[in-house]
Amino acid sequence: MSKKNRNASAPPLPTDHRTLLKIMRDSKRPLSPDDILPMLGLHRRKKGDVDDMLKDLVAQGKLIQLGRAYAPMERVNLITGKVQMQRSGVAFLIPDDPRRKDVFLGQDTAGAWHGDKVAVAITRENARKNHEGRVVRIIERGKRVLTVRVMRSAGPGSFLCRPTDPRMDFAVLTHGTDAALGLKNGDIAIVAPGEQVDSAVWEGVVLSRLGPENEAKVQEALVKTNHGVPTSFPKAALEEAAKLPSIPAEADFKGREDLRKLPFVTIDGPTARDFDDAIFVERKGKGYRLWVAIADVAHYVPLGSSLDLEAYERGNSYYFPASVEPMFPHALSNGLCSLNPNVPRLAVAARLDMSETGMPGEVRVMNAVIKSHARLTYDRARDVCVDKAPSARTELAAEAGENVVAMLDLAEALARQMRERRIERGSLDFDLPEGEVRFDAEGNPVEVVPRERHFAHQLIEEFMIAANEAVSEYLQAHALPCLYRVHAEPDREKLETLYTLLSRLDGEAAPKRARAGKFSEEDFSPEGIAKLLHSVAGTEREFLVHRMVLRAMKQARYQPENEGHFGLASESYAHFTSPIRRYADLIVHRLVKRALGDQHMPVPGFKKLAEMGQHLSGRERVSQEAERECHKRYACMVLRGQEGRMFKAIVSSLTDYGFWVELPEVMAEGFIRLSTMLDDYYGYLREREMLLGERTGRVIRAGQAVQAKLIGVHLDRLEIDLELATDSAAANEQGAVPARADKRERRALEDSRRNDRARDQRRGAGKARTGAGGKGGGRPGGKTAGKAGQKPAGQKSGGRKKGEVRGTRREG
């Protein structure tokens, strides 16, 4: 056959990628473009097209390139996920598959940055510890732009910069910078990274200047850029929002339960503008009837609309001390969908019958129209129904009516019963304080204080939890899928470590396991952990136990499989109560509307729900990390210039070169290096989670109160450096009396040192260990605090150890 005829009969190149992907998956080995061409019957001049298609599939994470050949990702022993860099320089892989444990990557990440999506090959499997792996390919950069700090000029139009994220330990050299930007040393700028020119240097192009580093608005702007938080809406979404009415039309009320006469109220923070939930409580016989009305966002935001697509990409609203980046434009989030007082609003309402002891009964869900009779803050609600202040009650009665005051009294009584029942079933209660940043008239942060929490907060939380459970069960009863809010069982190995640690510390006085001498299911159940927390309440062990239990907890996520919510001890739980600020709730609302008979509402398949759940869980993590980083930056700004100030501190975690402490006065965390403790040589007893002075017998352990002096604040590294107070009188005055080791603990340190020396002799170390420097004896694993607590060689100070958690986000 002639060459012309062969070409004429060749099949056309597939217009989609499915044919090519099928060939790759059916193959018994990786294939190169040269292998694929004859399979498709294509001439060699089509190789460029095949190359492009293969690269597309690589970019989508479906193929991986292995030299000149390609293979489907699932056919290679690779795990995909995101790189999580620690402040110490060590990295882990957080797998895309939430069922997998994190993978230890060490310090060599093959050029991958914190937040990058990568493919990792497992190099060592460990039975009890994390598997070890290496990065074989960067699939997608986590950041398309970087916020950098301008260090100095490097010539005309060039600047040497460093990323503001301390986990990115490299420099950026920019060229061709526009002089009109007016960049100066210390400015924060946004840079598009280019090629890597050295192991620690990348090229870049300056896109914009944010401003001086010491301005609060610059700090929030750089955090938003660092975490990819969207700060503007696309034109199409804004146009759709502008076309919506400012108030609901009468036609929208058709087919809805008219609940406008019921005295619903909203209870939120003083700065809130997006009111997506309202509550009303009435008597039903000897029991109660609880109404929870939630803004009907699904009525105004159709699936696939520009508003919907942008909300899905954002995943949730992002809250910062001085600003909010909402999931929907203000016309919806603060206007049409917000349950503002004294105006009609469309809602999806759940009516829950409750017994006099707070046990749930019959549930009814409905489309409704309501009118909020009062917008209350948490503090005002406390004054009315918790403290029952006469002036507050009289004022509210005059403003909204006596029936609103009476309703709040019923709500308070019901919430207390519901809370008791929830705690009884094993729901865990980590009511940790959160920090609130306060600003002066110019917008500069001046202090960080604990945010006050009281029973008015808990009242709303109880009602929202009950509504979320009721709606989850409602969808199950109607045989509809659901995007559940799932909280898996905690890490049993970490809980075993906690029980063992308490046994070593307290002996017979330690909390008892359900069965003597061995662990059982009861020890790891919600009831068992709640019993453990209750047993240490009010004791010196409370802080330690709470922190270690929190570290054992896994992060809640969204998924279509119902695995229950461990922390709430709930068998079925879904987010329903905040569709203005969480897209997951909007998905649940659409499914509820389908159950109510709206056939236009879509029912996603299992695979689609799983994909959506994974995306939304990821966006939630971005939100949490951004808010945490912003708080750290403000805390550093507040403390700068206060070097020498004394603080009461609580030891939160320890390592062999120092320990972290929490500063309750400013809701911040600092680090005390052993190199600043010159009164003794300190050994780290890992199995007892304590530092022990050789000469003085002084003990440092988690949960211990100490007196600390601020010696340095580093906004660039997000570090707060402290040292222990040397004035014993001042320490005693603050209640931070140094603890002393008992005989058992001293013997444990001596035994540990003997074991280390014996191990070194067996290994033929041949080098005398000293108390000064990086590697040496004196602690489990062969490491020492060194002379005056010097840190081990190769280790960086500051930052948290992997898995440490400040607190948990409240569900509801």
Side-chain angles (χ1 to χ4, degrees), residues 17 21 24 52-67 70-86 89-123 130-147 163 165 167-170 191-196 202 204 224-230 312-316 555 557-559 607-608 610-626 629 802:
H17 296 70
L21 189 59
M24 301 298 297
D52 290 341
M53 294 176 67
L54 289 169
K55 289 174 181 176
D56 286 344
L57 291 169
V58 168
Q60 295 170 23
K62 296 177 179 177
L63 297 182
I64 185 166
Q65 187 171 359
L66 304 170
Y70 296 80
M73 193 70 75
E74 65 269 18
R75 297 290 296 276
V76 185
N77 185 25
L78 298 176
I79 299 174
T80 61
K82 289 190 175 180
V83 174
Q84 184 182 82
M85 198 76 68
Q86 304 296 301
V90 171
F92 288 80
L93 178 80
I94 310 301
D96 290 333
D97 185 346
R99 295 169 296 184
R100 287 185 175 272
K101 282 190 173 183
D102 300 349
V103 180
F104 179 75
L105 301 177
Q107 293 185 316
D108 183 9
T109 58
W113 303 338
H114 175 78
D116 286 355
K117 184 172 183 178
V118 299
V120 166
I122 300 299
T123 57
N130 299 78
H131 292 343
E132 298 174 31
R134 63 180 178 87
V135 176
V136 298
R137 183 173 171 274
I138 300 171
I139 298 173
E140 183 181 7
R141 285 289 184 197
K143 296 180 180 179
R144 303 300 175 94
V145 296
L146 302 175
T147 57
D165 188 337
R167 293 167 296 192
M168 294 185 165
D169 192 16
F170 55 84
V191 167
E195 297 297 318
Q196 187 173 12
W202 294 72
K224 292 173 186 178
T225 302
N226 279 348
H227 294 274
V229 175
Y312 176 71
E313 284 302 312
R314 293 177 177 233
N316 43 249
Q555 192 158 25
R557 62 184 184 273
Y558 297 109
Q559 65 179 45
K607 186 176 180 181
K608 181 64 176 175
E611 177 187 311
M612 296 169 85
Q614 186 173 344
H615 167 73
L616 296 175
S617 298
R619 294 312 298 171
E620 180 185 43
R621 286 192 292 274
V622 168
S623 174
Q624 293 171 351
E625 290 169 4
E629 181 183 332
K802 174 174 168 51

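The shown structure was predicted, so the numbers you read here are calculated from the model rather than taken from an experiment. For the single chain, residues carry numbers from 1 onward in sequence order.
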Close side-chain approach of [X] and [Y], heavy atoms under 4.5 Å:
X: Leu616; Y: Asn316; result: no
X: Leu57; Y: Tyr70; result: no
X: Pro193; Y: Trp113; result: yes
X: Arg167; Y: Gln86; result: no
X: Pro95; Y: Thr80; result: no

Passing option when Val118 is tested against Leu93, Leu78, Ile139, Ile79 for side-chain contact (heavy atoms from CB on, under 4.5 Å): Leu93

Side chains of Gln555 and Glu620, donor plus acceptor under 3.5 Å: no

For [X], side-chain hydrogen bond (donor to acceptor under 3.5 Å, both in side chains) partners two or more places apart:
X: Arg134; answer: none
X: Lys143; answer: Asp165
X: Tyr558; answer: His575
X: His131; answer: none

Results of ring-ring contact (aromatic ring centres under 6.0 Å, His included) for Tyr312 - residues two or more places apart only: Tyr583, His615

For [X] against [Y], the heavy-atom pair lying closest together:
X: Pro72; Y: Met24; result: CG-O, 3.6 Å
X: Gly81; Y: Asp96; result: CA-OD1, 3.5 Å
X: Asp116; Y: Gly142; result: OD1-N, 2.8 Å
X: Arg619; Y: Gly228; result: NH2-O, 3.4 Å
X: Ala112; Y: Val83; result: CB-CG2, 4.1 Å
X: His114; Y: Met168; result: O-CE, 3.8 Å

Any residue meeting side-chain contact (heavy atoms from CB on, under 4.5 Å) with Val90, in chain and number order, not counting sequence neighbours: Ser88, Phe92, Phe104, Gln107

Spatial distance of atom [atom1] ([X]) from atom [atom2] ([Y]) [nearest 0.5 Å]:
X: Ile94; Y: Lys82; atom1: CD1; atom2: NZ; value: 11.0 Å
X: Arg621; Y: Arg557; atom1: CZ; atom2: CZ; value: 9.5 Å
X: Thr147; Y: Asn226; atom1: OG1; atom2: CG; value: 3.0 Å

Might you confirm whether atom [atom1] of [X] has over 12 heavy atoms from other residues, nucleotides or ligands at distances under 6.0 Å?
X: Lys224; atom1: NZ; result: yes
X: Asp108; atom1: CG; result: no
X: Arg141; atom1: CZ; result: yes

Aromatic ring pairing Trp202/Phe170, orientation class (parallel under 30°, perpendicular over 60°, tilted between): tilted

